[in-house]
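Right, one structure below, let's go through it.
Convention: sequence-line order gives letters A, B, ...; per-chain numbering from 1. Computed from heavy atoms alone, side chains included, the values below leave out hydrogens, waters and symmetry copies.
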Number of protein chains: 2
Amino acid sequence: MGMPLARSPVFRLSRERRVADIVAAARCVFEDKGYDDALISDIAARADVVEGTIYRYFENKRALFASVIEQWYGEMLLDHDEKLQEIRGTRNRLRFMICRHLEAIHEQPALSRLVFQVLRTGTDYRQTAVFELNRAYTRKIVGIVKEGQVRGEFRSDIQLRLVRDIIYGCIEHQTWAFLRGEGDFSPDVAADAIAELVYRGLAMPGPDSHGHERSLDLVDRLTHVAGRLEGLDGNAARDL
Amino acid sequence: MGMPLARSPVFRLSRERRVADIVAAARCVFEDKGYDDALISDIAARADVVEGTIYRYFENKRALFASVIEQWYGEMLLDHDEKLQEIRGTRNRLRFMICRHLEAIHEQPALSRLVFQVLRTGTDYRQTAVFELNRAYTRKIVGIVKEGQVRGEFRSDIQLRLVRDIIYGCIEHQTWAFLRGEGDFSPDVAADAIAELVYRGLAMPGPDSHGHERSLDLVDRLTHVAGRLEGLDGNAARDL
DNA sequence: GCTTATAAATGAGTTTTATTCATCAGTATT
DNA sequence: AATACTGATGAATAAAACTCATTTATAAGC
């Protein structure tokens, strides 16, 4: 029998700190290896711990991955709300939401793909925190469409769920080629096209509907801009 | 050293027959266990062969899965063409395609889910036979829309790719809850709703009233100016 | 300062599965 | 009948997720 090997010096961290380190390491590894090829041993090495340590804090690989995504979603949703508040007009608000989603995918293709591939396909998806975050996010779109209905821009006989599915589904489908690494796309251009088509599909029927909603939209924007020009404080000046 | 164990009697089949058996067995197992939980040993047992035999005919688990899906797609596309030929009218034809896709998902939720989860996410998807079959399928939708444009029912300024993505994306998104086993849906009802919205989004706008051109023109100019003044977020910035 | 309880961390297993390979044995060919 | 061919076997290998008994840094109580 050999005598016990000397252990490498052990650094003990608080639970929070260690968890944060592991999640950060996992995020890197998942990003550049995908889910299956990301090894727990890779993650452990990058986080400067041993494999067993990871299982002290996470039930399994999937749970660790879920934590990574939760963190990412949290970051994203933060600056979202404030920016949306500044946007006036149904059309612009709709376009903003669409564009944001496209941008998120464009900036984090690897993580986005994994959400679609790994997380959403699980039967336990509804119990996930990510599911809840997603709901909060999609509720905003639904809210915007409702608003449009109240203002008389949109027909009131459309199912809100359907609109949500059209928007998110289209965005996703449109980005699949990019997510597989086949070429690039412009979130701005794509957002314009999608918003246009969706808007038209929802708009009130009638010969002048298109012009009508656009002028309503414009009145909003001009009101907003006029307010800013009238104020002409430091903020507005910077923005010009 | 022990003497060699007696082998179970060996049944030798033709290559084609054996492959067919294995694919059939694999399809069953994938259907009720999903991809990860479907073991090669399960499949081998159901096909009455030993694990090694499977690797004689398929490079790996993924390739076997791809074969299963190919077979399924093949079956589906067969009766598709003839039925479509009987349908008259752009709107009906569009609705038919949408409904068919919804029905396929409704009838084979397990396989559908696996296509989305396993096959489409792979970087080698474009090299797959399934990819080609999918293209053939989507080309039909594009064809119908083009036809609609020629007949003057649809606007001609819409991107065909976008229409395709809207339709498929929406279908998919709408069926995700079902695919995770949360409740049911009616392909017929869903098809109506989707077809309606899409049709409206593509349809030619109604005739304009007098003098409307001018105000539309003005709206365009003001919109542009407003965009420049607003230019605080990345959205409006593109107008500069 | 010393003892002791707590929980962070280790690293050597265990288990589960896909995959490989040397060998065997029906079937067809000469 | 001898030979080549190829379908089939099953034991072995390998890769990775996951477990656990043990160790030890840190903090709390005296």
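Within a 6.0 Å sphere centred on NZ of A/K146, heavy atoms belonging to other residues, nucleotides or ligands number 12 at most. When the shell of 6.0 Å around CD of A/E75 is examined, it contains more than 12 heavy atoms from other residues, nucleotides or ligands.
Shortest non-hydrogen contact noted between B/A47 and B/D21 is CB-O, 4.2 Å. Of all the heavy atoms in B/F116 and B/L179, the pair that sits closest is CE1-CD1, 3.7 Å.
Geometric assessment of A/K61 against the ring of A/Y35 yields a positive cation-pi assignment under the 6.0 Å and 45° thresholds. A cation-pi arrangement, defined by a distance under 6.0 Å to the six-membered ring centre and an angle within 45 degrees of its axis, is present between B/R91 and B/Y199.
To the nearest angstrom, C1' of D/dT23 lies 16 Å from CZ of A/F11. For the pair A/L13 CG and D/dA27 C1', the computed distance is 16 Å after rounding to whole Å. Following rounding to the nearest Å, A/R18 (CZ) and C/dA7 (C1') show an atom-to-atom distance of 13 Å. Distance, B/R17 CZ to C/dT27 P: 15 Å, rounded to whole Å.
A parallel orientation is assigned to the rings of B/H173 and A/Y168, their planes being inclined by less than 30° (bins at 30° and 60°).
Note on A/R15: every side-chain N or O is 4.0 Å or more away from OP1 and OP2 of C/dA7.
B/E103 CD to B/I98 CD1: the interatomic distance, rounded to the nearest 0.5 Å, is 12.0 Å.
Taking a 4.0 Å limit (strictly below) on heavy-atom distances, residues 24-41 of chain B reaches DNA chain C at B/A38, B/L39, B/I40. Within residues 46-70 of chain A, the residues having any heavy atom closer than 4.0 Å to DNA chain C are, in order of number, A/V49, A/V50, A/G52, A/T53, A/R56, A/Y57.
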